[in-house]
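Just so it is clear, the structure is predicted and the values come from calculations on it, not from any experiment.
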Amino acid sequence: MSLTLTKLPLPLPPPLQTSPRGTPFERAVWCLTYQIPAGSFSTYALLAAHLRSSPRAVGNALRRNPFAPEIPCHRVVATGGSLGGFKGKIARRDGEGITLVEKRALLRKEGVKFDAAGAKVLGTPFRGFL
DNA sequence: GGTTGAATGGCCA
DNA sequence: TGGCCATTCAACC
């Protein structure tokens, strides 16, 4: 599906400014993810809706995110509030990794509320994308 | 209510 | 060209 990404009116994350790598679609996903403010969260479905694509492609792009902690991909959860997949770890260039548990802890630290079970996020997903 | 299967979109080897 | 996924929805126990 062809996207009109010739010139995204989106704030370009610093990592992307210095590294113009990635496909236009991936960059679009990363830009949208970067717009999610701390203490908020969004879903794959919402990102997909804005990009006129499918959640599967969004997850694919986030998985290919070369700037794991810089781009707040941890603020993107699955529909329903589930944290979704994280493949257990996010591979970092240093070999470090962020586990699903740390992802949840990070979100909670930013102010995101979780349910009693701690498996789902509470509140309204951020959808104020440009 | 929880689990399984199929559909879908884009990227890499 | 074929296969791989950080999803989602619907149907079936």
Next on the checklist: If you define the side chain from C-beta out and look only at heavy atoms, does anything of A/L12 sit under 4.5 Å from A/Y34?
Outcome noted: no

One should read off an interatomic distance between A/I71 CD1 and A/L62 CG, to the nearest 0.5 angstrom, of 9.0 Å

| query | Is the shortest heavy-atom distance from the side chain of A/L32 to the side chain of A/Q35 under 4.5 Å? | reply | yes

Practice task
Would you mind checking if A/E110 and A/R75 are paired as a salt bridge, meaning a charged N to carboxylate O distance below 4.0 Å?
Solution key: yes

Every stem of 3 or more Watson-Crick or G-U pairs under 3.5 Å that DNA chain B joins, in order of first number, is B:1-7 with C:7-13, B:9-13 with C:1-5

Legend entry - Any donor-acceptor N/O pair, A/W30 side chain to A/L16 backbone, under 3.5 Å: no

Is any side-chain heavy atom of A/R108 less than 4.5 Å from a side-chain heavy atom of A/F114?
-> yes

Query - Expected output: side-chain A/D115 to main-chain A/A119 donor-acceptor under 3.5 Å - result: yes

Would you call A/Y44 and A/V77 a side-chain contact if the rule is heavy atoms closer than 4.5 Å? no

Distances under 3.5 Å between protein N/O atoms and the N/O atoms of nucleotides 8-13 of chain C, please, pair by pair.
residue, atom, partner, partner atom, Å
C/dT8, OP1, A/T79, N, 2.8
C/dT8, OP1, A/T79, OG1, 2.7
C/dT8, OP2, A/T79, N, 3.3

When rounded to whole Å, the CG to C1' distance for the pair A/L47 and C/dA6 reads 12 Å

Q. Distance-only, no hydrogens or angles: does the A/T43 side chain make a donor-acceptor pair with backbone N or O of A/A78 under 3.5 Å?
A. no

Please list, pair by pair, any protein nitrogen or oxygen found under 3.5 Å from a nitrogen or oxygen in nucleotides 11-13 of chain B.
residue, atom, partner, partner atom, Å
B/dC11, OP1, A/T23, OG1, 2.5
B/dC12, OP1, A/R64, NH2, 2.7

Note to self: Under a 3.5 Å distance rule, please check whether A/S40 uses its side chain to pair with a backbone N or O of A/P37 as donor and acceptor.
What the structure shows: no

At less than 4.0 Å, is any side-chain N or O atom of A/S54 found next to OP1 or OP2 of C/dT7? Yes or no. no

Taken to the nearest whole Å, CH2/A/W30 to C1'/B/dG10 is 13 Å

